[in-house]
Amino acid sequence: MLDINFIRSNKELVEKAMLNKGEKDTSIVEEVLLKDEDWRSLVHQADEMRSESNSKAKEIGMLMGQGKKEEAQKIIAETSSMKQQIKEMEEKVKALQEAREELLLRIPNVPHESVPVGATENDNEVFSTWGEPNKDEWRKPHWEITERYGWVDFERGVKVTGAGFPFYVGPVAQLQRALINYFINEAWNAGYTELQAPYFVNENSARGTGQIPDKEDMMYVIPRDEFFAIPTAEVPVTNFHRDEIVADQDLPIKYVCYTPCWRREAGSYGKDVRGLNRLHQFDKVELVKIVKPETSYDELESLREHAEKLLKALELPYRTLLMCTGDMGFTQSKKYDLEVWSPGQQRWLEVSSCSNFESFQARRMQLRYRKEEKNTEMVHTLNGSALALPRIVSAILEAYQEENAKVRVPEVLKPFIGRDYL
RNA sequence: GGAGAGGUGGCUGAGUGGCUGAAAGCGCUCCCCUGCUAAGGGAGUUUAUAUGGAAACAUGUAACGAGGGUUCGAAUCCCUCCCUCUCCGCCA
């Protein structure tokens, strides 16, 4: 959510940002400003009415105290009609405020000036590449490897739950667990505090990070208890400090959190979703930062570098994309995607996305920090995957396979697995 | 799940219809005194929002778990929900 005062003084900028993000209609900006005008003048009127009514009520109190019942009755008669008026006024104010809020929630975040303007994924900028994509023709896609050894059981996953909920069996289960441990340890060593978070959140949390109203359909819902299954650890972790004013000296706050993630991925099909490429449940280690506004873009770079370091340590060639305005999503102001090379499929797979939300999420969540004695200011929030598991597993299976079909264990994971081959 | 108690400011804790945005204490900040490692005096110390102001700030309004209701007036009375604690039940 943007600051209404910011919109008021930067109308053109916000409209241009909306167009750049691929919205066709920017009339909502005009609308929200009109609603805001109405709201402000009505609030003023309502406040004055209440003020008058309050002072009358005080008078009545005093008269009653002095035993002057009849005089009090006279004033009571005067105020009773105000009561109704105030009530009507309050209802109007509330309606306007809700309308304003609702419009405000539909205006996307403004991209940072360093973000390339573009419409689709083809306009994303290749920010950097690392390693040489392997073009060996004999390399098999990961699903053939896992099938040969029975390392991932999709069929039984379907039987037990449904498509997109596989079982990992033996060495691949062990590999995933090793990766999770390795990722968490690396974050821990970089100064991130480890959190274990709830896997279900309530509606306020889902709204806080922007999953609703924007992306409701991506989440699994537990209707009886009004919970949402988390689509990413970002949701519980960023909401950890919702409605708080954190101390200036506590910033930056840095968390690492491993969770499974659930996504409905409605409408996905075809070879893009083959094997482990896209699942309804997957594991991810997520980093979240809560920082002062002036440092957030530096913090974004260090977040990206941290995620990249993991890929380098695993010796998996990757590229980093700077997402263009049209491909970056509603809530972000700047976003990098990390894509690992999948040599068995000869394609790039997204394994991380690192974003700065500036104060967009913080404002929704009322997450502020104490700036100086008196003033509070919205923090900036960031998050990044470091990293998403199943695609890393695929990339490892494909990149570390040998022609005899055995799969080596990456050097950095050997302490966790204890042998040279899976 | 059943029975009971309760949810007030950074913390402890008063307040059962008007003079309470909230006593008192603790903590914290600033100033003064004193002079030596401890004590005395004074002032300040929630948040949001509207208006004015460059700002400091001033004024109004709102908020005592959340939402509704009664009343001229609610932290205080009534209803619903959420949460915490104690006891019982169940359980990894």
Side-chain angles (χ1 to χ4, degrees), chain A residues 1-9 32-105 196-208 222-228 236 239-251 253 260 359-379:
Chain A
M1 187 165 88
L2 291 175
D3 181 0
I4 183 72
N5 294 313
F6 176 83
I7 300 176
R8 211 183 308 163
S9 45
V32 82
L33 288 177
L34 287 174
K35 279 277 186 294
D36 182 54
E37 277 303 313
D38 292 349
W39 174 78
R40 286 192 353 251
S41 79
L42 225 62
V43 158
H44 197 69
Q45 285 178 51
D47 282 357
E48 281 188 344
M49 270 182 165
R50 257 191 301 243
S51 173
E52 200 186 327
S53 148
N54 284 345
S55 65
K56 287 233 164 101
K58 230 169 232 171
E59 244 180 282
I60 294 165
M62 262 160 57
L63 291 170
M64 294 289 242
Q66 293 162 13
K68 297 178 184 168
K69 266 209 156 145
E70 274 155 45
E71 287 181 51
Q73 278 305 330
K74 239 163 65 185
I75 307 179
I76 288 176
E78 280 173 41
T79 46
S80 55
S81 71
M82 282 178 70
K83 204 185 151 188
Q84 187 58 28
Q85 270 182 295
I86 290 176
K87 203 174 170 187
E88 278 167 25
M89 189 69 86
E90 275 174 347
E91 269 160 26
K92 275 191 215 160
V93 169
K94 200 175 163 196
L96 271 174
Q97 193 168 359
E98 273 165 13
R100 188 185 79 151
E101 189 86 355
E102 198 266 327
L103 290 170
L104 221 40
L105 285 172
Q196 291 187 341
Y199 296 164
F200 303 142
V201 293
N202 57 31
E203 192 181 324
N204 282 340
S205 298
R207 179 167 292 111
I222 296 151
R224 181 165 166 174
D225 298 292
E226 297 178 328
F227 290 147
F228 296 89
N239 275 284
F240 189 61
H241 291 289
R242 170 153 52 85
D243 291 322
E244 290 183 17
I245 300 173
V246 298
D248 170 82
Q249 64 268 22
D250 291 341
L251 298 177
I253 295 171
S359 59
F360 197 81
Q361 289 181 329
R363 188 163 297 103
R364 248 182 225 221
M365 281 190 286
Q366 286 300 302
L367 171 45
R368 292 157 290 171
Y369 77 104
R370 172 120 7 232
K371 197 189 182 185
E372 299 147 16
E373 271 276 338
K374 277 258 163 200
N375 297 319
T376 60
E377 185 173 318
M378 296 295 167
V379 297

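Each chain gets a letter, A, B and so on, in the order the sequences are listed, and its residues count up from 1.
Residue Asp243(A) contributes atom CG, which lies 12 Å from atom P of A48(B) at whole-angstrom precision. Atom P of nucleotide C83(B) and atom CG of Asn202(A) are separated by 10 Å, given to the nearest angstrom. Between the P atom of C72(B) and the CE atom of Met62(A) lies a distance of 20 Å, rounded to the nearest Å. Whole-Å rounding puts the Arg50(A) CZ to A74(B) C1' distance at 15 Å. Here A56(B) presents its P atom at 12 Å from NZ of Lys371(A), a figure rounded to the nearest Å. Note: CG (Asn204(A)) to P (G65(B)) measures 18 Å, nearest angstrom. Whole-Å rounding puts the Arg242(A) CZ to U47(B) P distance at 20 Å. Atom CG in Asn375(A) sits about 13 Å away from atom C1' in U47(B), given to the nearest Å.
Nucleotides U86(B) and A74(B) place their P atoms 35 Å apart, quoted to the nearest Å. As rounded to the nearest Å, C11(B) and G69(B) have P atoms that lie 30 Å from one another. For U70(B) and C91(B), the C1' atoms lie 44 Å apart once the distance is rounded to whole Å. Between U84(B) and G27(B), the distance separating the two C1' atoms is 25 Å to the nearest Å. Taking the P atom of each, G10(B) and A66(B) are spaced 13 Å apart, rounded to whole Å. For the C1' atoms, the distance linking G73(B) with U61(B) amounts to 16 Å, nearest Å. A62(B) sits 10 Å from G21(B) when the P atoms are compared, rounded to a whole Å. With P as the reference atom, U20(B) and G13(B) are 23 Å apart, rounded to whole Å.
Of the candidate nucleotides G18(B), U61(B), U51(B), G18(B) has the atom nearest to the side chain of Met64(A). Which of U49(B), G73(B), U47(B) sits closest to the side chain of Trp39(A) comes down to U49(B).
Dashed line: the shortest gap from a side-chain N or O of Lys94(A) to OP1 or OP2 of G68(B) is under 4.0 Å. Between Arg40(A) and the phosphate of U51(B), there is a side-chain N or O to OP1/OP2 separation shorter than 4.0 Å. Close to U47(B), at under 4.0 Å from its OP1 or OP2, lies no side-chain N or O of Arg368(A). Phosphate proximity of A62(B) to Asn54(A): present, with a side-chain N or O under 4.0 Å from OP1 or OP2. Between Arg363(A) and A48(B), a side-chain N or O to OP1/OP2 separation shorter than 4.0 Å is absent. The side chain of Lys83(A) places an N or O atom within less than 4.0 Å of a non-bridging phosphate oxygen (OP1 or OP2) of U71(B). Taking 4.0 angstrom as the limit, Ser53(A) places none of its side-chain polar atoms (N or O) nearer than this to OP1 or OP2 of U61(B).
For the pair Gln366(A)/Glu244(A), no side-chain contact is recorded, criterion being any heavy-atom separation below 4.5 Å from C-beta on. The shortest distance between side-chain heavy atoms of Thr79(A) and Glu52(A) does not fall below 4.5 Å. Counting heavy atoms from C-beta outward, Tyr369(A) and Ile245(A) have side chains that stay 4.5 Å or more apart.
Remark: G67(B) base-pairs with C79(B). Criterion, Watson-Crick or G-U wobble with two distances under 3.5 Å. Pairing partner, A38(B): none, since no Watson-Crick or wobble contact has both distances short of 3.5 Å. Pair assignment for U49(B) gives G60(B), based on Watson-Crick or G-U wobble hydrogen-bonding distances that are each under 3.5 Å. Pair assignment for A74(B) gives none, since no Watson-Crick or G-U wobble pairing has each distance under 3.5 Å. Under the Watson-Crick and G-U wobble criteria, each requiring two contacts below 3.5 Å, nucleotide A43(B) is paired to U29(B). Look at U16(B): it lacks any Watson-Crick or wobble partner with both distances under 3.5 angstrom. Checking A55(B) for Watson-Crick or G-U wobble geometry (two distances, each under 3.5 Å) identifies no partner in any strand. Taking a pair to require two hydrogen-bonding distances under 3.5 Å in either a Watson-Crick or a G-U wobble arrangement, A3(B) pairs with U86(B).
For the pair Val43(A) and Lys56(A), both in contact range of RNA chain B, the more 5′-proximal nearest nucleotide belongs to Val43(A). Taking the nucleotide of RNA chain B with the nearest heavy atom to each of Gln366(A) and Thr79(A), the more 5' of the two is matched to Gln366(A).
A distance of 11.0 Å separates OG1 in Thr376(A) from CG in Leu367(A), rounded to the nearest 0.5 Å. To the nearest 0.5 Å, atom CG of residue Asp248(A) and atom CG of residue Asn375(A) are 12.0 Å apart.
Within 4.0 Å of Ile60(A), counting heavy atoms only, lies at least one base atom of the nucleic acid. Thr376(A) comes within 4.0 angstrom of sugar-phosphate atoms only, judged by non-hydrogen atoms across all strands, and of no base.
Under the 3.5 Å distance criterion, the side-chain polar atoms of Arg364(A) are matched with a main-chain donor or acceptor of Arg207(A). Side chain of Arg100(A) to main chain of Lys35(A): no donor-acceptor pair is present (N/O by atom type, distance under 3.5 Å, no hydrogens or angles).
Residue Asp47(A) forms a side-chain hydrogen bond (donor to acceptor under 3.5 Å, both in side chains) with just one option from Arg50(A), Gln45(A), His44(A), and that option is Arg50(A).
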